[in-house]
Q: 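Here it is: the structure, laid out below.
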Amino acid sequence: MLELNKSGTDDRPGPGRLPAQDPGPDAAPATRPAGDAPSAAEAAGRAPLRPYLIAGAILCALYFLFGYFQYSRFGSPSWDLGIFEQEVRAYAGFDAPIVDIKGPGYLILGDHFSPIVALLAPLYWLWPSAEALLFAQAALFALGAVIVGRTTQQLLGGRSGLCVTVAYGLSWGIQEAVKADFHEIAFAVPLLALVCRALLLERYTAALLWSLPLVLVKEDLGATVAVVGFLLFVYGRRLQGALLAAFGVAAFVVTLMVLIPAASSAGTYDYWQKIDKNGEQDVSMLDSVLGVLNSSVKIEMLVFLLGITAFMALRSPLTLLIVPTLGWRLLSQDSNHWGMVWHYSAILMPVLFLALADGVRRSRDSHRPWLASYAKVAVPVATAIAVAMTQHLPLRDLLRPETYRTDDARSQAARAALDAIPTGARVETDITLMAHLTSDRTVYWVGGAPGTAPDIVAINLDFGWSRPIQDPVAYAQQLHPEARYRLKHRGGSFVVMERTTPEPAEIPGARDD
């Protein structure tokens with residue numbers, strides 16, 4: 001079980017020190033019996049960086065390769081890639097982050113508070129495409145693998161570091177996030193890895209500093225920062241810990257209660273409804289709390305979260321850092337938050353795998369023989385689990401020839417539809433074409449831009465509409481009765497319609513350039 005005050009041995013740590021660790025690098029050297037493992041501080045400079053950079057480069061290539069071919073085959077699973085490209089495009093042009101996909105003139109900081117995404121603007125200057133975001137996410141995830149693997153090497157020695165690099169790199173949380181296209185949580189992955197590394201190596205000020213930018217990644221991560229402060233407090237850095245915990249709580253409250261409502265046209269944080277509403281039915285907070293484990297999907301997710309570490313993460317206090325994220329997910333009434341798909345578990349992976357390393361270190365000299373024996377094989381077991389699970393995870397597709405075929409009839413029809421849409425046009429479309437249009441057109445979500453009379457309405461008839469669209473032109477005019485449209489292009493399941501009436505004098509949400 002998770003232990004804050006003991007390491008699995010009979011030794012009690014002194015105040016201000018992590019359990020079962022030697023003093024920090026500034027302490028006087030002590031004589032160590034022959035055969036004992038070096039301390040984290042002593043080992044910190046001994047793990048070579050190059051193998052982990054090579055492993056990170058390979059993982060980055062795999063992640064980007066998957067994302068690139070999914071994008072090239074017009075297989076984006078949601079509208080998020082288009083949303084984030086519109087946001088980054090706005091930052092790159094030194095504009096407010098308006099995301100028209102969410103609604104004409106929609107300020108995205110009123111949805112999720114993720115200003116750190118602005119850091120991608122320089123990359124977008126060089127590479128103005130959704131592919132740039134996919135590459136950035138691949139690189140950030142791979143950077144997390146470098147940090148996790150090398151830190152494990154410094155803690156455990158041997159081949160543990162490279163094994164954990166593989167286990168982390170192939171973990172289901174990372175793979176599902178790669179499949180889900182780009183999300184802002186990509187920045188949190190290496191930051192949390194650096195926070196955990198600093199805690200394990202007793203670099204407490206570094207842990208504090210690395211945790212601060214997390215509040216700029218997403219609004220809920222202030223609670224995670226507060227837990228970092230709690231750990232610092234427990235480890236003896238009481239002032240630092242108390243101040244950081246207070247900062248995390250304050251950032252969490254101010255972001256949700258002040259900053260997001262101020263940027264939102266509705267004047268509130270919309271995602272409260274994920275907890276207090278199940279469809280149209282109101283749900284009390286008590287019912288939400290009592291229902292945190294009311295689904296086999298939730299239980300399965302928890303088992304696999306801990307199972308990928310061979311359950312050794314339970315031996316480390318670092319595991320407390322996953323509680324805030326798990327908390328809101330289990331309280332949510334949205335089933336998308338419960339399971340093992342989408343991107344929600346990616347930020348938990350660096351924490352859990354460094355908790356695995358810490359748990360193994362704590363258990364190696366345990367007075368319980370079975371635990372000490374299990375600690376010797378936990379890393380290989382976790383690696384084997386990750387490799388075995390990959391047979392049923394997204395990166396498995398990289399071994400399938402059809403993954404690399406972008407000249408199939410559907411893809412060709414989609415590209416022909418793109419060619420029929422003029423650069424600079426205002427386009428209303430569905431997920432299929434969306435991320436391919438956002439770099440040089442104004443893009444709206446189909447049905448989400450009333451009164452705008454876009455220049456083009458482009459739809460994929462096979463998108464999965466609740467009702468089949470029999471007459472695309474009539475459908476476009478149903479969406480925009482203030483305008484008239486004609487068929488401009490049709491190929492395969494893709495239909496492009498252009499407006500034949502003049503553009504409205506005033507367009508909702510339009511900005512003056």
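Below, each value reflects all heavy atoms present in this structure, side chains not excepted, and no hydrogens, waters or symmetry copies. Since this is a predicted model, take the numbers as computed values, not measurements.
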Q: Between Y269 and W272, what is the ring plane arrangement, given parallel below 30°, perpendicular above 60°, and tilted in between?
A: perpendicular
Q: Grab the two heavy atoms, one from T205 and one from Q240, that are nearest each other, plus how far apart they are.
A: OG1-NE2, 3.1 Å
Q: Starting at CG of L221, measure out to OG1 of T255 and round the result to the nearest 0.5 Å.
A: 10.0 Å
Q: Side-chain donor-acceptor pair under 3.5 Å between S316 and R361, yes or no?
A: no
Q: To check you understand the geometry: which heavy-atom pair defines the closest contact between I174 and G169, and what is its length?
A: CG2-O, 4.2 Å
Q: Quick check: do C196 and L321 have side-chain heavy atoms less than 4.5 Å from each other?
A: yes
Q: Measure the shortest side-chain to side-chain distance between F230 and V234 over non-hydrogen atoms and say whether it is less than 4.5 angstrom.
A: yes
Q: In this structure, is the centre-to-centre distance between the rings of Y71 and H436 below 6.0 Å?
A: yes
Q: Please answer whether the main-chain N or O of V379 pairs with a side-chain N or O of T383 as donor and acceptor at a distance below 3.5 Å.
A: yes
Q: Strictly under 6.0 Å, is that where the ring centroids of W342 and H183 end up?
A: no
Q: Any side-chain donor paired with an acceptor under 3.5 Å for Y271 and E219?
A: no
Q: Quick one, L191 with V195, criterion side-chain contact (heavy atoms from CB on, under 4.5 Å). Give me CA distance, side-chain angles, the key distance, then yes/no.
A: CA-CA 6 Å; L191 284 173; V195 168; 5.5 Å; no
Q: If we check side chain to side chain donor-acceptor pair (under 3.5 Å) with S332, which of these qualifies: Q273, K274, H337?
A: H337
Q: Between CG of L326 and CE of M301, what distance do you get to the nearest 0.5 Å?
A: 5.5 Å
Q: Please report the shortest heavy-atom distance between S78 and I431, naming the atom on each side.
A: O-CG2, 3.4 Å
Q: After noting the C-alpha distance and the side-chain angles of R203 and R197, does the key distance pass the side-chain contact (heavy atoms from CB on, under 4.5 Å) rule?
A: CA-CA 8 Å; R203 298 168 180 172; R197 170 184 170 82; 3.7 Å; yes
Q: Considering the options V189, I308, L192, which one meets the side chain to side chain contact (heavy atoms under 4.5 Å, CB included) requirement together with M349?
A: I308
Q: Could you check D80 against D181 for side-chain contact (heavy atoms from CB on, under 4.5 Å), going step by step and ending with a plain yes or no?
A: CA-CA 7 Å; D80 290 328; D181 285 336; 5.8 Å; no
Q: Among residues two or more places apart or on two chains, list those pairs meeting salt bridge (charged side-chain N to carboxylate O under 4.0 Å, His left out) that have a residue in residues 48-61.
A: none
Q: So, taking the atom named CG in L352 and the one named CG in L306, what distance separates them when rounded to the nearest 0.5 Å?
A: 6.5 Å
Q: I want to check something: taking the side chain as every heavy atom from C-beta on, are R315 and D358 in contact at a cut-off of under 4.5 Å?
A: no
Q: Would you check if F74 and N460 make a side-chain contact, meaning some heavy-atom pair closer than 4.5 Å?
A: no
Q: What distance separates T438 OG1 from R89 CZ, expressed to the nearest 0.5 Å?
A: 7.5 Å
Q: Apply the test side-chain contact (heavy atoms from CB on, under 4.5 Å) to residues L134 and Y68: give CA-CA distance (whole Å), side-chain angles for both, the deciding distance (0.1 Å), then the verdict.
A: CA-CA 7 Å; L134 297 175; Y68 172 79; 5.6 Å; no
Q: Are side-chain heavy atoms of L259 and L109 found at a separation under 4.5 Å?
A: no
Q: For K179, does the NZ atom sit with more than 12 other heavy atoms under 6.0 Å from it, leaving out its own atoms?
A: no
Q: Going from CG on L305 to CE on M340, what distance comes out if it is rounded to the nearest 0.5 angstrom?
A: 7.5 Å
Q: Considering non-hydrogen atoms only, spot the tightest contact between S288 and I275 and give its length.
A: OG-O, 3.0 Å
Q: Tell me the closest heavy-atom pair linking D220 and W328, and the distance in Å.
A: OD2-NE1, 3.1 Å
Q: What heavy-atom pair brings G339 and V297 nearest, and what distance separates the two atoms?
A: CA-CG1, 3.6 Å
Q: Are side-chain N/O atoms of D430 and T432 paired as donor and acceptor at under 3.5 Å?
A: yes
Q: Side chains of F141 and Q175, heavy atoms from C-beta outward: is any pair under 4.5 Å?
A: no
Q: Could you check whether E85 and Y124, counting side-chain N and O atoms only, form a donor-acceptor pair closer than 3.5 Å?
A: yes
Q: What's the separation between atom CG in N294 and atom CD1 in I299, rounded to the nearest 0.5 Å?
A: 8.5 Å
Q: Would you find more than 12 non-hydrogen atoms of other residues, nucleotides or ligands less than 6.0 Å from W210 atom CH2?
A: no
